[in-house]
Number of protein chains: 2
Amino acid sequence: MTARIIDGKALAESIRNKVAAEAAELKRSHGIVPGLAAVLVGENPASQVYVRNKVKQTTEAGLASFEHVLPAETTQDDLLALVRQLNADPKVHGILVQLPLPPQIDPDLVIATIDPAKDVDGFHVENAGRLVVGQESLVPCTPQGSVLLAKTVHPDLTGLEAVVLGRSNIVGKPVAQLLIAESATVTVAHSRTRDLEAVCRRADILVVAVGRPEMVKGSWIKPGATVIDVGINRVPGENGKSRLVGDVDFKEAMEVAGAITPVPGGVGPMTIACLLANTLKAAMVANGLTPPSF
Amino acid sequence: MTARIIDGKALAESIRNKVAAEAAELKRSHGIVPGLAAVLVGENPASQVYVRNKVKQTTEAGLASFEHVLPAETTQDDLLALVRQLNADPKVHGILVQLPLPPQIDPDLVIATIDPAKDVDGFHVENAGRLVVGQESLVPCTPQGSVLLAKTVHPDLTGLEAVVLGRSNIVGKPVAQLLIAESATVTVAHSRTRDLEAVCRRADILVVAVGRPEMVKGSWIKPGATVIDVGINRVPGENGKSRLVGDVDFKEAMEVAGAITPVPGGVGPMTIACLLANTLKAAMVANGLTPPSF
């Protein structure tokens, strides 16, 4: 058996295209251009690449991009002042502060200062709370992308056994909440779980977000299961080069799973696509309009 | 095998005693008396009994009780005005609006209007969000009581398989989050789960909150498991009288489980005890003091 590969690049592109079409219509009919402000503090190379990608995809979708690059020694007060200024700016509908932040800045305080209505990363406790109780909210992008990918295989997740491996606030927990809302039977497993392998093997849908290269082996996967691999790990490759691998042993999983996301090209591209969708949504809600679903 | 009966009345009493001792010390050392405002709209007999019990136990623990009973035809605006007045009242540290509310009033709006720092029911989205991300919060009382009862059997829940049957915002979901924070492996099961019986039988700790009298049978329980029965259902009894039963078939469960909460006398008494503990906590936090843990 060879698993079907779930094409995250293609789904992300179709979401970006839908965002672009909706944004064009919003501009035409209401003169509104959704705006995303990205704040980068310091010179983390990975963050720089990521923010550059966001800016590029934001403008390509016809959204306005406002980039704020601050020096590594920026004080917490100065960053909070910028966030408040962006909260008050009517051209800015989404604010994203790239993590990690330098050690002199408390990330929880920064996130708490972002207007929840502009919190397109979905990390504010108000959005976390709205998600868990089922109120309309801005949903974290990677979890949203993971579930959209699972739904390309199972349009209806009702009653399926889902196992989420990892209980982080930014991936594992929101994925679990989204799957509960989709009426799956959801198990949250983690490093303290006894017999992790057996628990994972119960899953019709296995979402892995642990940040450990190729930890999940073929024997952990129920034959025919759908595997969503959120991990992106850089490991030594051939000829002194590095390569990217997921949290799942892709080669082994391909022999057992029914469908699987590759790394790269699976969950990764979905994150920015969902960020753009959230920015569109925030702009529409801010103007009293009903956003489309994705 | 006969299960050990988990004595919720005794644990609730010890919590109330601890609240009373801490409240006495707080009054002596800081002149602060924690105050709980209970708001009852209309004449739901069950709610009246419940609020009367709360008032009694509140004053017995040395806390101040402020009871507001409003007519069934109270407008939403009038109720919101009262909530705002209680938010501003420095003698009131905890506010509880008894549900259900009459149909002209939106309960979500009322809960959203309560100051999260005084939301001793833990239903505000800010407290729901703080609970899920692991920030200090006011935790819903029945879920907190359920987990405290489970911990009388397993002081360390790490790695245990927990199954929460029911996914309501007021019980199932917060119980699941508390158990995840305790490092249990947590499955949320519900009416759409396939083979509910088999899923429940995986549980070392089974928490049932479905509101269906005696739905969980002995065959659903893993031998030796701990069963926390959140249900309180009134059913016809002998001689035309009614009697209270849980969501678990107690007689059957007694033969299989290792420990089980009875109904009444299990989770029920814990709810008000945890409410008083939350009120003490809210009063201490409001005054910059560190509350004790329970």
Side-chain angles (χ1 to χ4, degrees), chain A residues 107-109 111-112 116 119 122-138 140 156-170 172-174 176-196 198-200 202-204, chain B residues 106-109 111-112 116 119 122-138 140 156-170 172-174 176-177 179-196 198-200 202-204:
Chain A
D108 286 347
L109 183 58
I111 292 166
D119 167 42
F123 292 161
H124 193 289
V125 290
E126 183 169 322
N127 280 313
R130 286 175 165 269
L131 177 60
V132 75
V133 304
Q135 292 180 11
E136 194 56 53
S137 67
L138 289 166
D156 183 358
L157 298 169
T158 301
L160 294 180
E161 282 258 7
V163 173
V164 180
L165 181 48
R167 53 171 166 168
S168 72
N169 288 332
I170 58 174
K173 289 176 185 172
Q177 286 142 24
L178 289 167
L179 291 171
I180 290 169
E182 295 278 351
S183 294
T185 301
V186 181
T187 298
V188 177
H190 44 77
S191 57
R192 313 301 296 271
T193 292
R194 291 185 195 158
D195 201 352
L196 206 43
V199 171
C200 288
R202 298 194 306 225
D204 300 311
Chain B
D106 174 5
D108 286 346
L109 183 58
I111 291 166
D119 166 42
F123 292 161
H124 193 288
V125 288
E126 182 168 322
N127 281 313
R130 287 175 165 269
L131 177 61
V132 76
V133 304
Q135 292 180 11
E136 195 55 54
S137 66
L138 289 166
D156 182 358
L157 298 169
T158 301
L160 295 180
E161 283 259 7
V163 174
V164 180
L165 181 48
R167 54 172 164 166
S168 71
N169 288 332
I170 58 173
K173 288 176 184 173
Q177 285 143 25
L179 292 171
I180 290 170
E182 296 278 350
S183 294
T185 301
V186 181
T187 299
V188 177
H190 44 77
S191 57
R192 312 301 294 273
T193 292
R194 291 186 194 158
D195 201 351
L196 206 43
V199 171
C200 288
R202 299 196 304 228
D204 300 310

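Chain naming here is simple, since letters A, B, ... match the order of the sequence lines and numbering starts at 1 in each. Note that the coordinates shown come from a computational prediction; the quantities given were computed from them, not determined experimentally.
Put simply, of B:P174, B:S183, B:A189, the one with the most heavy-atom pairs under 4.5 Å next to chain A is B:S183. Considering only heavy-atom pairs separated by less than 4.5 Å from chain B, the leading option among A:T185, A:L131, A:L160 is A:T185. Per-residue heavy-atom pair counts under 4.5 Å with chain B were compared for A:H124, A:K173, A:E126, and the maximum is reached by A:K173. The most heavy-atom pairs under 4.5 Å with chain A, out of B:T193, B:V199, B:V186, come from B:V186.
If you measure heavy-atom distances from B:R167 to chain A, the contacts under 4.5 Å come from the side chain alone. Heavy atoms closer than 4.5 Å to chain B are found in the side chain of A:D108, but not in its backbone. Contact of B:A184 with chain A is made through the backbone alone, with heavy-atom distances under 4.5 Å. B:D195 does not touch chain A: none of its heavy atoms, backbone or side chain, sits under 4.5 Å away. A:V163 does not touch chain B: none of its heavy atoms, backbone or side chain, sits under 4.5 Å away.
When each of A:N169, A:I170, A:I111 is tested with B:V133 by the rule side-chain contact (heavy atoms from CB on, under 4.5 Å), just one qualifies, namely A:N169.
The structure places OG1 of A:T187 at 5.0 Å from CZ of B:R202, a figure rounded to the nearest 0.5 Å. Taking CZ from B:R192 and CG from A:D156, the interatomic distance works out to 7.5 Å, rounded to the nearest 0.5 Å.
Closest approach of A:T158 to B:R194, counting heavy atoms only: O-NH2, 3.9 Å.
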